[in-house]
Structures are given as C-alpha cells and as structure tokens.
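Every number for a ligand or one of its atoms is a count from 1 in the order of the listing.
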Amino acid sequence: MERFGLVGLPNAGKSSLYNALTGGGALAAPYPFATKDPNIGVAKVPDERLDRLAEMSKSRNVVHAAVQVVDIGGLVEGASNGEGLGNKFLANIREVDAVVFVLRAFVDDDVTGPADPLEHLRVVELELALADLETVERRLAQTQRAAKLDRSLGDELDALTAANDSLAAGRPLYRASLSAEQRAVLAPSFLLTNRRVLAVVNVGDHDLDSIPEQEARVATEFDQAGHSAGDNVEVIGMCVQLEAEAATIEDPLERAEMLEGLGLGEGALFRMVRSAYHLLGLRTFLTTGDKESRAWTFYDGSTAPQCAGRIHTDFQRGFIRAEVIRWDELLELGAWNKAKDVGKLRLEGKDYLVQDGDVMEFRFGV
Ligand SMILES: Nc1nc2c(ncn2[C@@H]2O[C@H](COP(=O)(O)OP(=O)(O)OP(=O)(O)O)[C@@H](O)[C@H]2O)c(=O)[nH]1
Ligand SMILES: [Mg+2]
C-alpha cells in the first residue's frame with residue numbers, strides 16, 4: 001500500500017489531520033512534540049464511481065482503494081544539528097512514498113509557535129534540504145573517486161553535482177531544475193526532497209474566507225521564478241479542526257449537511273486524498289459484481305497483466321485477456337451481462353495500457 005507522510009513543525013496540526021483522515025486516536029495537544037513515535041493508519045480513497053457501480057450491481061461488499069498515512073513527529077529549525085527531536089524524523093520520512101507538508105496558518109492563544117505558513121515552509125524546506133545536502137555531499141565525494149576509474153558513472157556524477165548545487169543554495173530538489181533522467185539516477189539514494197509534495201495549509205475556523213488567499217501565498221512561494229516546483233507540488237487549504245470534527249460524524253448525510261452549512265462543500269479531506277493519490281501517479285481500475293465491487297490501485301502506464309497482478313499473482317502469470325469497459329458506459333447500460341450481450345465489452349490483450357476508470361474482468365489459466 002502506498003504511504004503518505006505528514007511532515008511539519010510542532011503544533012501545525014499533523015496529528016489532528018491524521019485523526020481526521022484515518023479515524024485514528026493520535027494524541028493532538030497544544031504543546032510541541034506531542035508526537036514522538038509515528039502513528040500509522042489507513043485512509044480510504046473516496047470514489048463516487050465505485051459507489052455507483054456497487055449500487056448498479058447490488059454488491060454485498062464494497063471495497064475502496066486505500067493509502068497509508070504516517071503522522072511523523074514535529075521538526076524545528078536546527079533539527080539537523082539535534083534541536084528538538086533531532087533527526088528522528090528523517091528515517092520516518094525516508095520510508096514514505098509522498099510527503100504531505102502541514103503548514104499552520106491558524107492563530108490560537110493556547111497553541112505556541114508561529115502562525116505564518118510561509119515561516120513553516122521556510123523551516124521545513126531548510127531542514128529537509130540540509131539533510132539531503134549531507135547525503136549528497138557524501139555520495140558525491142564517493143562517486144568522484146570512483147568515476148576516475150569507471151567512466152560509466154558520468155551520469156550519476158552529473159546528477160549528484162546538479163543536486164548538490166541546488167541543495168547548497170537551500171533549495172529542495174522538487175524545485176531544482178533537474179531532468180527526469182537525473183531524478184531517476186538520484187532516486188536510489190533515499191533523498192527526502194526528490195519526490196512530490198502536497199502542502200496542506202491549516203487555516204483557523206474563523207478565517208475560512210481566507211483559504212484561497214492562503215493557498216495562493218504558499219503556491220506563489222513554491223513558484224519562485226526560475227525554480228518553480230511545477231507539477232511536483234500541490235497546495236490545499238483547509239481548516240483541519242473543522243474537517244476533523246466533521247469526520248467524526250458517522251452518518252454521511254449529517255456530515256455532508258455540516259460541511260455544506262459551513263460552506264466547505266464536500267469537505268477538503270476527500271479532495272486532499274484524491275490529490276495526493278494523483279500526485280503519486282496512482283490510478284484506479286474497478287471490478288464489480290453482486291458479491292463485491294472494488295477499486296484497485298495501479299501506477300499510471302501499467303499493462304493489463306500488471307493490473308491483473310494487483311488482484312492476484314496467478315492472474316498475472318496466467319493472463320489470457322481482459323474484458324474492459326469504461327465505468328460510465330457500463331453504468332449507462334446498467335449491467336455487466338447487458339454490456340456483454342450488446343457487444344460493448346472490449347477484449348484487450350497483454351499490451352493494453354489500463355486507463356483510470358476502466359471496469360475489468362480477467363481471463364486467465366494456470
Ligand atoms: N484553533 C485551531 N486549533 C487547531 C487546529 N488544528 C489543530 N489545532 C490544535 O493545535 C494543537 C496542535 O495540534 P496537533 O495536531 O497535535 O499538532 P502536531 O502537528 O501533531 O504537533 P506535534 O505532534 O507536536 O508535532 C492541538 O491542541 C490542536 O487541537 C485548527 O485548525 N484550529
Ligand atoms: Mg502530533
């Protein structure tokens with residue numbers, strides 16, 4: 001399962017967001033370093049397409065796609081030199097697939113620490129860049145020595161030098177002008193900033209109107225001339241506290257009413273999970289029947305047999321072909337067998353690149 005890690009300064013609202021996303025009971029408290037060891041939970045990826053297919057098939061069981069959320073302890077300026085919890089957070093961040101920055105914009109007299117999201121961003125970026133700089137410097141020195149004997153290391157040397165220049169200037173790698181090839185070369189060295197970032201700006205419950213403005217401030221900061229983070233970063237503003245309160249309401253209609261009443265639409269949590277999912281290059285295919293309707297996660301660019309393998313390795317090994325139809329076409333026809341009868345199911349072979357929203361059935365023999 002893919003993992004998202006929540007990263008930020010103490011009191012930014014990471015544990016509160018974690019609880020809202022996972023229904024978990026992590027300690028959220030108005031003092032720094034309330035979280036020492038990471039909390040790990042599962043958040044479901046909401047998908048209206050799945051709900052509607054399940055309704056169509058009268059499925060007894062509905063299984064949403066899910067992601068893991070890791071609530072990591074807070075970091076402070078100087079963490080790389082042992083301040084606060086020191087470098088404890090580094091190992092936790094290395095283990096996640098996507099990083100979610102939680103940046104505080106809410107003001108509360110009972111909660112200590114800065115309330116300017118740009119200040120939060122400055123410290124988080126600095127600490128992560130410094131940690132990466134240390135890794136890259138070490139690696140660069142090794143590679144420089146090795147490259148004298150081994151010419152094939154030229155590409156790696158080139159990528160490490162570019163990374164070093166960016167990090168030494170305090171600039172994280174998601175903002176560096178690196179080519180896709182250079183990024184790929186750097187991937188194995190476990191760099192913290194050579195990955196995509198979702199930034200959540202945590203806005204106070206009395207400042208909901210300021211959400212667009214706060215989002216824009218942070219997005220502009222990410223977009224500094226010449227060093228734009230481009231597609232690597234997305235920014236979402238929300239009031240974590242209100243979202244967390246809404247998330248505790250069991251009844252979906254009541255919950256929707258509360259969010260609607262506050263002018264928060266469907267709520268920001270769903271939007272956030274969907275964005276993070278997409279940012280990672282994750283896509284969904286669906287299966288549906290009276291027993292179960294289910295959303296399955298795959299990486300963009302996967303073939304039909306690779307997707308079959310998400311269900312069971314036997315499906316991949318013995319893959320013969322797939323029957324495929326787009327979710328909305330199937331809904332319009334009203335039933336899988338109907339789609340089959342009228343010849344609307346496509347037969348696809350092993351080279352088919354699965355599309356987001358495909359409904360599939362696999363034929364296999366082992
Ligand atoms: N007013 C207000 N308070 C909030 C909001 N979000 C979180 N808080 C409060 O701020 C305090 C800190 O929140 P946490 O979720 O514990 O913060 P954290 O980022 O996990 O902090 P550490 O674990 O110490 O790094 C708690 O008392 C929360 O109740 C918010 O949107 N508005
Ligand atoms: Mg916490």
Which N, O or S atoms belonging to the protein are less than 2.8 Å from the Mg ion (ligand 2)?
->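 Those protein N, O or S atoms (cut-off: under 2.8 Å from the Mg ion (ligand 2)) are Ser15 OG, Thr35 OG1.
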Review point. When the ring planes of Phe222 and Phe101 are compared, do they come out parallel, tilted or perpendicular, using 30° and 60° as the limits?
Key: parallel
Test side chain to side chain contact (heavy atoms under 4.5 Å, CB included) on Val203 and Ser210 and set out the steps. CA-CA 8 Å; Val203 174; Ser210 76; 3.6 Å; yes
Going by atom type alone, with no hydrogens or angles, which donor-acceptor pairs under 3.5 Å involve a side-chain atom of residues 256-268 and a protein atom two or more places apart or on another chain?
residue: Glu266; atom: OE2; partner: Arg274; partner atom: NH2; Å: 2.7

Would Asn61 and Ser59 count as having a side-chain donor-acceptor pair, cut-off 3.5 Å?
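Looking only at side-chain atoms, Ser59 and Asn61 do not form any donor-acceptor pair under 3.5 Å.
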Of all heavy-atom pairs linking Leu167 and Pro172, the shortest is CD2-CA, 4.3 Å
Considering all heavy atoms, the nearest Thr284-Asp356 contact
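Smallest heavy-atom distance, with atoms named: N-OD1, 2.8 Å.
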What residues sit with at least one heavy atom under 4.0 Å from ligand 1?
->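 If the criterion is a heavy atom under 4.0 Å, then ligand 1 touches Leu9, Pro10, Asn11, Ala12, Gly13, Lys14, Ser15, Ser16, Ala28, Ala29, Pro30, Tyr31, Pro32, Phe33, Ala34, Thr35, Gly74, Phe106, Asp108, Val111, Asn202, Val203, Cys239, Val240, Gln241.
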Between the side chains of Arg317 and Asp314, is the shortest nitrogen-to-carboxylate-oxygen separation below 4.0 Å, so that they form an ion pair? yes
task: With sequence neighbours excluded, tell me which residues meet salt bridge (Lys or Arg N to Asp or Glu O under 4.0 Å) with Arg217.
output: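 For Arg217, the residues satisfying salt bridge (Lys or Arg N to Asp or Glu O under 4.0 Å) (neighbours in sequence not counted) are Asp116.
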Check whether the ring centres of Phe315 and Phe364 lie less than 6.0 Å apart, and answer yes or no.
-> yes
